[in-house]
Amino acid sequence: MGHYAEGLDQVEIDKQENNCFLIELSDIESALFAELVPPLIQLLESEDLKGDIPRLFPTAILDEPEQENEYQQITQSELKKSHSKSLEAVRLISSKNEISMDELMAVMKGLNLLRLKLSEDLNIADDSYDPPDIDDDTYQAWIIFQYLGQMVYQCVSELEKDF
């Protein structure tokens, strides 16, 4: 994972008069998404997703393995499509500044998917996770995890302004 920590700032998300949202990303942020999104889309295209990214396909029926397997078979295809669409929306903001409310919601979902994947990689289970030392190999990923959380929060905050 590239070194992005120094170049990540708070992203501005501004609602326009036409009910679209203006998002301006820096080159560093665009490069970050270009690095994070394709591998996750590729993972989504693989056959056994549960082992690689279980947080993106959570268990629904804990004590009934047969029912859980049936549930996963029914929902996995739709979840894959939904997840891929949301990740493509994240890629979209790297090339398009103004997006619709539906696109912003998809971006928010995509950012959260990236965050879930990083939390899996970092083994973050809850908010009590202590950040790694700055010299730790996982420090960069932890910074990106925090940054993605901030971006999700900004999306939610902007969407809440209408309610």
Show, in sequence, the C-alpha distance, side-chain angles and deciding distance for Asp121 and Trp142, and conclude whether the side chain to side chain contact (heavy atoms under 4.5 Å, CB included) test is met. CA-CA 10 Å; Asp121 295 346; Trp142 182 81; over 6 Å; no
Any chance you could lay out the side chain to side chain contact (heavy atoms under 4.5 Å, CB included) test for Leu79 and Leu44, step after step, and finish with the verdict? CA-CA 9 Å; Leu79 272 175; Leu44 287 171; over 6 Å; no
Would you sort out whether Glu120 and Lys117 count as a salt bridge (charged side-chain N to carboxylate O under 4.0 Å, His left out), showing the intermediate values? CA-CA 5 Å; Glu120 188 81 39; Lys117 174 63 171 111; over 6 Å; no
Mind running salt bridge (charged side-chain N to carboxylate O under 4.0 Å, His left out) on Lys85 and Glu88 for me, showing each step along the way? CA-CA 5 Å; Lys85 182 180 175 184; Glu88 288 297 337; over 6 Å; no
Show your reasoning for whether side chain to side chain contact (heavy atoms under 4.5 Å, CB included) applies to Glu103 and Ile93. CA-CA 9 Å; Glu103 289 169 327; Ile93 63 172; over 6 Å; no
Full working for side chain to side chain contact (heavy atoms under 4.5 Å, CB included) between Val107 and Ser86: CA-CA 6 Å; Val107 165; Ser86 297; over 6 Å; no
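To the nearest 0.5 angstrom, Phe21 atom CZ is 10.5 Å from Glu98 atom CD. Taken from CD in Gln150 to OG in Ser157, the straight-line distance is 10.5 Å, to the nearest 0.5 Å. A distance of 4.0 Å separates CD1 in Ile13 from SG in Cys155, rounded to the nearest 0.5 Å. Considering CG of Leu36 and CG of Leu87, their distance stands at 10.0 Å, rounded to 0.5 Å. Separating the CG atom in Leu118 from the CD1 atom in Ile124 is a distance of 8.0 Å, to the nearest 0.5 Å.
Minimum interatomic distance between Ile61 and Glu68 (heavy atoms only, all atoms of both residues): N-OE1, 2.8 Å. The heavy-atom pair separating Cys20 from Ser100 by the smallest distance is SG-CA, 4.3 Å. Residue Leu56 comes nearest to Leu40 through the heavy atom pair CD2-CD1, 4.1 Å, listed as atom of the first residue, atom of the second, then distance.
Relative to the six-membered ring of Phe145, Arg115 meets both conditions, a distance below 6.0 Å and an angle of at most 45° to the axis.
In the hydrophobic clustering of this structure, Leu114 groups with Val156; members are Ile, Leu, Val, Met, Phe, Trp, Tyr whose side-chain heavy atoms approach within less than 4.5 Å, directly or through other members. In the hydrophobic clustering of ILVMFWY residues, with side-chain heavy atoms under 4.5 Å counting as a link, Met108 and Tyr153 come out apart. Both Phe33 and Leu43 belong to a common hydrophobic cluster when Ile, Leu, Val, Met, Phe, Trp and Tyr are linked at side-chain heavy-atom distances under 4.5 angstrom. Under a hydrophobic-cluster definition in which Ile, Leu, Val, Met, Phe, Trp and Tyr are linked whenever side-chain heavy atoms come within less than 4.5 Å, directly or via other members, Ile23 and Met101 are assigned to the same cluster. Hydrophobic cluster membership is shared by Ile143 and Ile134, with clusters built from Ile, Leu, Val, Met, Phe, Trp and Tyr side chains linked at under 4.5 angstrom.
The backbone N or O of Leu62 lies less than 3.5 Å from no partner atom in the side chain of Thr59, so there is not a single donor-acceptor pair. Side-chain N or O atoms of His83 include none that pairs as donor or acceptor with a backbone N or O of Leu113 at under 3.5 Å. A donor-acceptor distance shorter than 3.5 angstrom exists from the side chain of Arg55 to the backbone of Ser119, with no hydrogens or angles considered. Looking only at distances, a side-chain donor or acceptor of Lys80 sits under 3.5 Å from a matching main-chain atom of Ser46. Between the side chain of Gln72 and the backbone N or O of Pro58, at least one donor-acceptor pair lies under 3.5 Å.
At a cut-off of 3.5 Å, with distance as the only test, no side-chain donor of Gln154 or Glu158 sits close to an acceptor on the other residue. A side-chain N or O of Glu29 and one of Tyr147 form a donor-acceptor pair less than 3.5 Å apart. Between Asp136 and Thr138, the side chains place a donor N or O and an acceptor N or O closer than 3.5 Å (distance only, hydrogens not considered).
A salt bridge links Glu78 and Lys81; the closest N-O separation between the charged side-chain nitrogens and carboxylate oxygens is under 4.0 Å.
Pro131 places none of its side-chain heavy atoms less than 4.5 Å from the side chain of Gln146. Residues Ile53 and Leu116 fail the side-chain proximity criterion, which asks for heavy atoms closer than 4.5 Å.
Within a 6.0 Å radius of CD in Gln16, more than 12 heavy atoms belonging to other residues, nucleotides or ligands are found. Other residues, nucleotides and ligands contribute at most 12 non-hydrogen atoms within 6.0 Å of the CD atom of Glu70. By the neighbour-count criterion of 12 heavy atoms within 6.0 Å, atom CG of Asn18 is densely surrounded, having more than that number from other residues, nucleotides or ligands.
Other cluster members for Ile74: none, since no ILVMFWY side-chain heavy atom sits under 4.5 Å from it.
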